[in-house]
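Below is one structure, written out as structure tokens, with a few remarks after it.
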Amino acid sequence: MRPTMAAAYCTIAFGGLIAGVGAAWAHATLDHASPPAESTVHSAPQEVLLTFAERLESAFSMIEVKDAGGTRVDSGKSEVNGSTMRVGLKVLPDGQYRVHWRAITSDTHRVEGNFTFNVDGQSR
């Protein structure tokens, strides 16, 4: 094989290796939250809905929602459907709420995060 052909094959192989490594390092990033992170909503939501950039593993992914005193206000087990995860909420009075989530993809990558939202039915 001529040296220029060998160099071309090596370049192609190396490029494929780098592209594969980038895909292997991808994680389930949070794409959208409802209610939005760090927002103030004027009526209490009935659920928290999170959408991720990758398909989730339902057995190990979860959402917990707590009030300012640390009491859980979600209705229990999170539901996962593809790349979305949701949990129902109890009736929420005005106040600040913290959402903690853990997402595990089918290739076992784990990511976690937190955000808050406020319910303020008085200000419109």
Side-chain angles (χ1 to χ4, degrees):
M1 182 178 323
R2 295 185 328 204
T4 55
M5 288 299 287
Y9 286 133
C10 287
T11 301
I12 291 169
F14 184 71
L17 177 65
I18 294 299
V21 168
W25 285 345
H27 295 295
T29 57
L30 180 61
D31 188 47
H32 176 78
S34 178
E38 314 312 324
S39 68
T40 297
V41 295
H42 301 296
S43 58
Q46 295 181 333
E47 69 177 5
V48 170
L49 174 67
L50 306 178
T51 303
F52 292 85
E54 290 186 40
R55 187 172 185 81
L56 303 176
E57 177 60 48
S58 62
F60 305 106
S61 299
M62 66 80 178
I63 305 170
E64 288 183 352
V65 184
K66 295 182 180 181
D67 65 15
T71 302
R72 282 187 68 173
V73 296
D74 58 80
S75 62
K77 186 166 172 46
S78 305
E79 297 175 25
V80 174
N81 184 8
S83 62
T84 62
M85 182 168 36
R86 70 180 65 218
V87 68
L89 299 173
K90 299 175 183 176
V91 176
L92 301 180
D94 286 0
Q96 185 176 63
Y97 297 91
R98 175 166 298 284
V99 176
H100 174 74
W101 55 268
R102 178 177 60 238
I104 309 229
T105 58
S106 56
D107 61 359
T108 70
H109 284 127
R110 174 182 169 158
V111 290
E112 292 188 64
N114 295 285
F115 66 88
T116 61
F117 68 91
N118 294 292
V119 175
D120 184 359
Q122 301 301 316
S123 66
R124 289 187 186 232

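Every value quoted in this text rests on a predicted model; they were computed, and no experiment measured them.
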Exercise for the section: Mark yes when over 12 heavy atoms from residues, nucleotides or ligands other than Asn81 sit less than 6.0 Å from its CG; otherwise mark no. Expected result: no

Handout entry: Steps toward side chain to side chain contact (heavy atoms under 4.5 Å, CB included) verdict (Ile63, Asp74)
Key = CA-CA 8 Å; Ile63 305 170; Asp74 58 80; over 6 Å; no

Exercise for the section: Check the pair Met62 / His100 against side chain to side chain contact (heavy atoms under 4.5 Å, CB included), numbers first and verdict last. Expected result: CA-CA 8 Å; Met62 66 80 178; His100 174 74; 3.4 Å; yes

Fill in the blank from the handout: Nearest heavy-atom approach of Asp94 to Gly121 is OD1-N, 3.1 Å

Practice task
Measure from the side-chain N and O atoms of His42 to the backbone N and O of Asp120, and report whether any donor-acceptor pair falls under 3.5 Å.
Solution key: yes

Exercise for the section: With side chain to side chain donor-acceptor pair (under 3.5 Å) as the test, would you mind laying out the steps for Thr116 and Glu38 before giving the verdict? Expected result: CA-CA 5 Å; Thr116 61; Glu38 314 312 324; 2.8 Å; yes

Practice task
Rounded to the nearest 0.5 Å, what's the gap from CG on Leu89 to CD on Gln46? Could you check?
Solution key: 9.0 Å

Problem - Leu92 with Leu49, same ILVMFWY side-chain cluster at under 4.5 Å - result: no

Completion exercise
In Ser39, Ser43, Pro45, the residue satisfying side chain to side chain contact (heavy atoms under 4.5 Å, CB included) with Val119 is Pro45

Practice task
Provide the closest heavy-atom pair for Ile104 versus Phe60 in the form atom of the first, atom of the second, distance.
Solution key: CG1-O, 3.6 Å

Problem - pair Asp67-Tyr97: side-chain heavy atoms closer than 4.5 Å - result: yes

Exercise for the section: Quick one: pull up CD in Glu47 and OG in Ser34 and give me the separation to the nearest 0.5 Å. Expected result: 7.0 Å

Exercise for the section: May I have the step-by-step check of side chain to side chain contact (heavy atoms under 4.5 Å, CB included) for Asp31 and Phe52, ending in yes or no? Expected result: CA-CA 5 Å; Asp31 188 47; Phe52 292 85; 5.8 Å; no

Practice task
Can you see which heavy atom on Ser61 is nearest to which on Leu56, and at what distance?
Solution key: OG-CB, 4.0 Å

Fill in the blank from the handout: Heavy-atom closest pair (Gly70 atom, Lys66 atom, distance to 0.1 Å) is O-CD, 3.5 Å

Problem - Least distance between heavy atoms, Phe117 atom then Pro36 atom - result: CB-O, 4.0 Å

Problem - Flag side-chain contact, heavy atom, 4.5 Å: Val48 against Pro35 - result: yes

Problem - Distance in Å, Ser58 OG paired with Lys77 NZ, rounded so as to fall on 0.5 Å steps - result: 6.5 Å

Practice task
Check the surroundings of atom CZ in Arg102: do more than 12 heavy atoms from other residues, nucleotides or ligands lie under 6.0 Å from it?
Solution key: yes

